[in-house]
Amino acid sequence: MAEILKKYHPRMVDLHNYPAANSFGNKLKNWETLNNKVLIPLGLGQSDKFLKDVAAGVKGTVEQLLYIIKYKVDEAKKKEEEEIEQGILYSYSEEVISHEDETFPSTVSLSEFKNMKSLLNKKEEEIASLSGKVKHLEALITLKDQRIEDLIAQVNRCTCFKNTLTQWNSE
């Protein structure tokens, strides 16, 4: 559910707040976090009983929530499209964007806006993917460092290695 909501509200949902859970208690904690951090601010807050039912896997509860979210997302899309159709253009009055001395207008057409929005979404997905890869590689580096330290400690504890070194030094 958090992944679905992240697609539509990327700044509100931090996926690291929702670890994989198998026990009822951990599932309930994840649902409570989602409710407090995302659903309530969106006006979709759910009761504690509902959250317990979802965490327990009661038939039909997740479907209810998905339907409510779908309705809210569809409403937002429809409102955005109506604003665009009415000729309300999105303007960026705070700053003029420039790239290699090419100045862009502060008002853009619908097709340009949609193109820029899709490019932005693709780049955000790529950034999220690369961030995940970086975190994974950092975890691997930490593991390798720990393994190296363990091996060094084993070598230092090994008496046969110390005897060999003393024999080589005496010759």
Side-chain angles (χ1 to χ4, degrees), residues 1-140:
M1 184 64 65
E3 290 175 0
I4 292 170
L5 288 169
K6 182 159 181 76
K7 179 173 171 49
Y8 297 104
H9 304 284
R11 291 192 175 121
M12 292 183 79
V13 180
D14 292 323
L15 293 178
H16 67 84
N17 288 331
Y18 311 98
N22 291 323
S23 71
F24 172 79
N26 289 340
K27 288 179 185 179
L28 182 59
K29 184 179 176 189
N30 283 348
W31 280 106
E32 287 171 344
T33 304
L34 183 69
N35 192 46
N36 293 331
K37 291 189 176 214
V38 181
L39 297 178
I40 290 175
L42 289 175
L44 301 171
Q46 302 297 315
S47 68
D48 288 337
K49 182 190 179 321
F50 183 83
L51 296 177
K52 287 178 183 175
D53 288 346
V54 172
V58 173
K59 186 175 181 180
T61 53
V62 173
E63 288 83 356
Q64 283 179 298
L65 185 57
L66 282 170
Y67 180 76
I68 293 168
I69 291 170
K70 182 184 181 310
Y71 179 76
K72 185 85 167 182
V73 167
D74 288 346
E75 258 186 1
K77 281 184 179 180
K78 187 184 285 185
K79 183 179 178 185
E80 183 179 299
E81 288 173 1
E82 286 174 1
E83 288 175 353
I84 292 172
E85 287 174 6
Q86 291 172 0
I88 300 172
L89 295 174
Y90 291 84
S91 69
Y92 305 94
S93 59
E94 291 182 17
E95 64 180 274
V96 176
I97 303 168
S98 64
H99 182 273
E100 296 179 14
D101 298 330
E102 180 182 346
T103 305
F104 294 95
S106 62
T107 306
V108 295
S109 69
L110 172 61
S111 62
E112 290 173 309
F113 174 75
K114 286 184 177 180
N115 286 339
M116 289 192 316
K117 194 171 183 179
S118 70
L119 281 172
L120 177 65
N121 288 338
K122 287 178 185 175
K123 291 188 185 283
E124 285 177 345
E125 288 174 8
E126 184 68 21
I127 288 170
S129 171
L130 291 173
S131 294
K133 290 177 181 178
V134 166
K135 286 180 183 177
H136 176 71
L137 290 172
E138 287 172 344
L140 285 176

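Just so you know, these numbers use all the heavy atoms, side chains as well, and skip hydrogens, waters and symmetry mates. All residue numbers in this chain count up from 1 along the given sequence.
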| query | If you measure from NZ on K117 to CG on N121, what distance do you get to the nearest 0.5 Å? | reply | 7.0 Å
| Side chains of V73 and K77 in contact at under 4.5 Å (non-hydrogen atoms) | yes
| query | Any donor and acceptor pair, going by atom type alone, linking the side chain of K6 with main-chain N or O of V13 inside 3.5 Å? | reply | yes
| query | About how many Å separate CD of E63 and CG of L66, when rounded to the nearest 0.5 Å? | reply | 7.0 Å
| With a 4.5 Å limit on heavy-atom distance, are the side chains of L34 and L5 in contact? | yes
| Qualifying residue for side chain to side chain contact (heavy atoms under 4.5 Å, CB included) with L39, from Q46, M1, M12 | Q46
| Does N115 have any side chain to side chain contact (heavy atoms under 4.5 Å, CB included) partners at least two apart in sequence or in another chain, and if so, which? | none
| query | Of all residues at least two apart in sequence or in a different chain, which pass the side-chain hydrogen bond (donor to acceptor under 3.5 Å, both in side chains) check with D74? | reply | K70
| said: Strictly distance-based, threshold 3.5 Å: is any side-chain N or O of S131 a donor or acceptor partner for the main-chain N or O of I127? | reply: yes
| Rounded distance (nearest 0.5 Å) linking atom CD of E125 with atom NZ of K122 | 9.0 Å
| field | Counterpart residues, side-chain hydrogen bond (donor to acceptor under 3.5 Å, both in side chains), relative to K37 (two or more places apart) | value | none
| query | Under 6.0 Å from the CD atom of E3, do we count more than 12 heavy atoms belonging to anything else shown? | reply | no
| Value rounded to 0.5 Å, distance of CG in N35 from CD1 in I40 | 4.5 Å
| query | Within a radius of less than 6.0 Å around OH of Y71, do more than 12 heavy atoms belonging to other residues, nucleotides or ligands occur? | reply | no
| task | Answer yes or no: is there a donor N or O on one side and an acceptor on the other, between the side chain of N36 and the main chain of E32, under 3.5 Å? | result | yes
| request: Sequence neighbours left out, what passes side-chain hydrogen bond (donor to acceptor under 3.5 Å, both in side chains) with S23? Give chain and number order. | output: N26
Can you give each donor-acceptor pair under 3.5 Å made by side-chain atoms of residues 51-61, sequence neighbours left out, with the distance rounded to 0.1 Å?
unit_1	atom_1	unit_2	atom_2	d
D53	OD2	K49	NZ	3.0
T61	OG1	V58	O	2.8

| CD1-NZ distance between I69 and K72, expressed to the nearest 0.5 angstrom | 11.0 Å
| query | Within a radius of less than 6.0 Å around NE2 of H136, do more than 12 heavy atoms belonging to other residues, nucleotides or ligands occur? | reply | no
| said: List the residues meeting side-chain hydrogen bond (donor to acceptor under 3.5 Å, both in side chains) with E126, not counting sequence neighbours, and say none if there are none. | reply: none
| message | For a side-chain contact (heavy atoms from CB on, under 4.5 Å) check, start with the C-alpha distance between W31 and L65, then their side-chain angles and the critical distance, and finish with the verdict. | response | CA-CA 12 Å; W31 280 106; L65 185 57; 3.5 Å; yes
